[in-house]
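What follows is a short report on a single structure.
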2 protein chains.
Amino acid sequence: MIERETQQRRAIREAFTRAGRPLAPHEILEEANPDAPTLGIATVYRNVKSLVDEGWLKTVELPGQPPRYELADIGHHHHFHCTTCGKVFDIEGCVGKLGALVPRGYELDSHDITLYGRCDKCAAR
Amino acid sequence: MIERETQQRRAIREAFTRAGRPLAPHEILEEANPDAPTLGIATVYRNVKSLVDEGWLKTVELPGQPPRYELADIGHHHHFHCTTCGKVFDIEGCVGKLGALVPRGYELDSHDITLYGRCDKCAAR
DNA sequence: GTCGTTGCAAAGCGTTTGCAGCCTA
DNA sequence: TAGGCTGCAAACGCTTTGCAACGAC
């Protein structure tokens with residue numbers, strides 16, 4: 001599908017490896033700006049889509065938020081959404097016994113957990 | 001703010017008490033159609049907004065989904081999203097020890113848990 | 001009869017698509 | 001050089017807003 005490694009595509013990849021947290025399309029644009037000042041939002045959307053298709057990125061959906069994306073090679077984890085700065089951070093670990101919550105007759109496949117509060121930088125202020 | 005109890009507003013209220021689950025705007029339109037066949041989507045949005053403002057409804061945000069709404073007077077709970085029929089159901093109970101997941105320096109305020117799978121009707125097929 | 005509310009249509013906003021020119025291979 | 005990729009602008013789908021007509025009080 002994607003066959004060429006362009007400046008723009010490289011800048012988008014580096015934005016993710018540098019950030020180390022899930023990025024929304026407009027955050028990608030900002031993060032990649034030093035490497036690719038003329039990068040357009042349409043190019044961000046197109047490259048993100050192909051990077052997800054080829055398994056380099058995965059989609060991170062949080063309640064009430066536009067989709068973000070992060071490197072696909074990190075394992076099962078959840079997310080912390082800072083309500084002050086708006087950034088999203090990865091959280092390690094998971095809780096057990098979610099199956100106990102499911103009503104009789106329902107079949108559980110997977111789950112999402114989102115934590116809300118203040119990140120270390122925002123809490124320190 | 002809202003001063004009049006119109007046919008449309010009554011139909012929207014009844015849609016929620018009848019459904020007993022979170023409803024998205026288009027689901028409200030369908031559910032209220034028997035009571036208010038000419039109901040317009042703009043009216044749904046305006047009434048939902050005012051019902052949230054006055055505390056009769058609350059917003060239910062699920063990952064990757066448009067906002068839904070449900071009666072505000074039900075307590076803390078989470079949601080089950082059926083990946084077959086697309087409907088959302090309330091789940092009672094909650095897990096503990098989420099605080100243990102939070103990194104040092106972060107402050108936890110609240111959380112969302114979303115379960116995915118098949119509801120009883122879809123699982124029975 | 002007043003004036004808040006409704007329904008339509010236009011405006012917004014974020015995302016996707018069409019197309020001519022650019023640039024990687 | 002060829003053809004995939006980019007950037008702009010138009011198209012889209014969902015939500016919000018403007019406005020004239022309607023209807024609750």
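Chain identifiers are assigned alphabetically (A, B, ...) following the order of the sequence lines, protein sequences preceding nucleic acid strands; residue numbering begins at 1 within each chain.
The neighbour count for B:K58 NZ, taken as heavy atoms of other residues, nucleotides or ligands under 6.0 Å away, is above 12.
Rounded to an integer number of Å, the gap from CG of B:L29 to C1' of D:dG13 is 16 Å. If you take NZ of A:K49 and C1' of C:dT16, they are 10 Å apart, rounded to a whole angstrom. With rounding to whole Å, A:I28 atom CD1 is found 13 Å from D:dT6 atom P. Rounded to whole Å, atom P of C:dG4 lies 16 Å from atom CD of B:E54. A straight line from CG of A:N47 to C1' of D:dG4 spans 12 Å, rounded to a whole angstrom. Rounded to an integer number of Å, the gap from NE2 of A:H26 to P of C:dC13 is 15 Å. Whole-Å rounding puts the A:D35 CG to D:dT6 C1' distance at 17 Å. In this structure, A:L51 places its CG atom 12 Å from P of D:dC5, rounding to the nearest Å.
Phosphate contact (OP1/OP2 of C:dT24, side-chain N/O of A:T6, threshold under 4.0 Å): absent. Proximity of B:Q8 to the phosphate of C:dG7: a side-chain N or O atom is located under 4.0 Å from OP1 or OP2. Phosphate contact (OP1/OP2 of D:dG7, side-chain N/O of A:T38, threshold under 4.0 Å): present.
For the pair B:P67 and B:R10, both in contact range of DNA chain D, the more 5′-proximal nearest nucleotide belongs to B:P67. Comparing A:A42 and B:Q7 by the nucleotide of DNA chain D that holds the closest heavy atom to each, the one mapping nearer the 5' end is A:A42.
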Check against side chain to side chain contact (heavy atoms under 4.5 Å, CB included), B:R21 and B:E70: CA-CA 6 Å; B:R21 62 182 174 85; B:E70 69 183 355; over 6 Å; no
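Note on A:R13 versus A:D35: no salt bridge recorded, every NZ/NE/NH1/NH2 to OD/OE distance being 4.0 Å or above.
Listed nucleotides: C:dC8, D:dT6, D:dG23. Nearest to the side chain of B:R46: C:dC8.
Contacts of A:I41 with the nucleic acid, taken as non-hydrogen atoms under 4.0 Å apart, are absent. Heavy atoms of B:P25 sit nowhere under 4.0 angstrom from any nucleic acid atom.
No side-chain donor-acceptor contact under 3.5 Å links A:D112 and A:H78. A donor-acceptor contact closer than 3.5 angstrom is absent between the side chains of A:R9 and A:T43.
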